[in-house]
2 protein chains.
Amino acid sequence: MGHAHAKRRLVELMEQLRAKSRKITGPRQKILDVLRNSRHPVTIKEVFARMPKGDCDLVTIYRSMHLLEGMGMVKRFDFGDGVARFELIDGLDGGHHHHLICTRCDRIVELEDCFAQEMEKAVSARSGFQSVTHKLEFFGVCPICQATP
Amino acid sequence: MGHAHAKRRLVELMEQLRAKSRKITGPRQKILDVLRNSRHPVTIKEVFARMPKGDCDLVTIYRSMHLLEGMGMVKRFDFGDGVARFELIDGLDGGHHHHLICTRCDRIVELEDCFAQEMEKAVSARSGFQSVTHKLEFFGVCPICQATP
DNA sequence: ATCGCTGCAAAAATTTTGCAGGTAA
DNA sequence: TTACCTGCAAAATTTTTGCAGCGAT
């Protein structure tokens, strides 16, 4: 059960920014680099911690993440602990997938398949809502934690 | 598509508290009352706003909500806006259900069925995780907002 | 009488905003 | 040059913690 997506090329990401006349700056490249090299969704503070001190202000990461989210380049997740997490979107389908989070050690497993695509249609049909999307995350106790009570 | 659960009797909730030697106080009764009368998950501030001023401190609501969550009497939701929402759990099965949130006007629709119960088994079998649960919410544009661009 | 609960105050943690200067295009 | 972007500082939100006193059992 490896991670669900291949690394996106940095050039490609730059191009997406350029297309919306957004500038390619040092901080942004570094933020994108951290995102590219993260196997799981990362918090703002984690992004901050993963770059050499002084490379980029914390506030800039907040602002960039908003921008990237608005551009559909990044997806926001919430694992129920009140901290936002972000993951680079890849592929044309958006690389839609879900996570399985261990409630004891916070280990994260990426689930490759999406179970819920048909559900959206059913929900839409019944409710009259359009452009229905969903957020689905799983929680449980991982094998390692099961062994250590 | 009405709401998925019947109102729980206050006495029943009190009993649950008593069983764990938690005290039945004025603020707690008022908090439970707000929860009982809420058709959708409510934020801490909403609970606060829905009781006569001075009836209960905001901090007490935070603390009570933690307690109730820990006791399995209340469930926490996150609709992606960075604010926690809470709903009373009812029934033996926990009244498991999902929500459909309009991304324009924040209207909430309660979905009566749970689509995802079997998914938990599949996820558990594949990953080796145990006690797998899930959180699933849907987002879309409601009929009213569709009519007003 | 005991243990738990509450309010108030203060702190912590996360996220947003204002502004003056700097930089990519 | 002209938008856009950044860092710093400050503020706004949301949530947590300490403590002394009150209250349910």
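Quick note: numbers below take in every heavy atom, side chains included, and nothing from hydrogens, waters or symmetry partners. Reminder, nothing fancy here: chain letters follow the sequence lines and each chain counts from 1.
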Task: DNA chain C: 5'-proximal contact among B/D57 and B/S21 (nearest heavy atom) - done: B/S21

- [ ] Using the ring pair (Phe, Tyr, Trp, His ring centres under 6.0 Å) rule, collect all pairs that involve residues 52-79 of chain B, keeping only residues at least two apart or in two chains.
- [x] B/F77-B/H99, B/F79-B/H99

Task: Value in whole Å for how far the C1' atom of D/dC5 lies from CD of A/Q29 - done: 13 Å

Task: No-hydrogen, no-angle side-chain donor-acceptor test under 3.5 Å, B/E87 and B/H40 - done: no

Task: Separation of B/M71 CE from B/S64 OG (nearest 0.5 Å) - done: 11.0 Å

Open item on the list: What I'd like to find out is whether the side chain of A/I144 reaches to under 4.5 Å of the side chain of A/C105, using heavy atoms alone.
Closed with: no

Cut-off 3.5 Å, no hydrogens considered: what does the side-chain donor-acceptor table look like for residues 13-27 of chain B, sequence neighbours left out?
unit_1, atom_1, unit_2, atom_2, d
B/Q16, OE1, B/R8, NH2, 2.8
B/T25, OG1, B/R28, N, 3.4

TODO: Give a yes or no on whether B/L10 atom CG has more than 12 heavy-atom contacts from other residues, nucleotides or ligands under 6.0 Å away.
DONE: yes

TODO: Output all residues satisfying salt bridge (charged side-chain N to carboxylate O under 4.0 Å, His left out) with A/D55, sequence neighbours left out; order by chain, then residue number.
DONE: A/K30

TODO: Please find the earliest and latest nucleotides of DNA chain C, in the 5' to 3' direction, that have an atom within less than 4.0 Å of any heavy atom of chain A.
DONE: C/dT14 to C/dA25

- [ ] For DNA chain C, determine which residues of residues 76-84 of chain B have any heavy atom closer than 4.0 angstrom to one of its atoms, and list them numerically.
- [x] none

- [ ] Can you tell me which residue pairs pass the salt bridge (Lys or Arg N to Asp or Glu O under 4.0 Å) test with a partner in residues 67-86 of chain A, sequence neighbours excluded?
- [x] A/E69-A/R76, A/D81-A/R85

Open item on the list: Just by distance, no angles: are the side chains of B/E112 and B/H98 close enough, under 3.5 Å, to form a donor-acceptor pair?
Closed with: no

- [ ] Kindly compute the distance separating CE (A/M65) from OG1 (A/T43), expressed to the nearest 0.5 Å.
- [x] 8.5 Å

- [ ] Under the salt bridge (charged side-chain N to carboxylate O under 4.0 Å, His left out) rule, collect the residues that match up with B/R36, sequence neighbours excluded.
- [x] B/D33

Task: Residues in contact with DNA chain C, drawn from residues 62-71 of chain A - heavy-atom cutoff 4.0 Å - done: A/Y62, A/R63, A/H66

- [ ] Would you check, one step at a time, whether the test side chain to side chain donor-acceptor pair (under 3.5 Å) holds for A/H134 with B/E137?
- [x] CA-CA 6 Å; A/H134 69 272; B/E137 311 300 338; over 6 Å; no

Open item on the list: Holding to salt bridge (charged side-chain N to carboxylate O under 4.0 Å, His left out), I want the full list of residues that pass it with B/D57, two or more places apart in sequence or in another chain.
Closed with: none

Task: Under the side-chain contact (heavy atoms from CB on, under 4.5 Å) test, residues paired with B/R104 that sit two or more places apart - done: B/C102, B/V141, B/C145

- [ ] Report the residue (B/V59 or B/R22) whose heavy-atom-nearest nucleotide on DNA chain D is the more 5′ of the two.
- [x] B/V59

Task: Non-hydrogen side-chain atoms of B/K135 and A/K135 separated by less than 4.5 Å - done: no

- [ ] Please report how far the helix from C/dA1-D/dT25 to C/dA25-D/dT1 bends, comparing the axis fitted to its first five pairs with the axis fitted to its last five, to the nearest 10 degrees.
- [x] 40°

- [ ] Give the rounded distance in Å between these two atoms: CG of B/L58 and P of D/dT16.
- [x] 11 Å

Polar atom pairs (N or O), protein with nucleotides 21-23 of chain D, under 3.5 Å:
unit_1, atom_1, unit_2, atom_2, d
D/dG23, N2, B/K23, NZ, 2.8

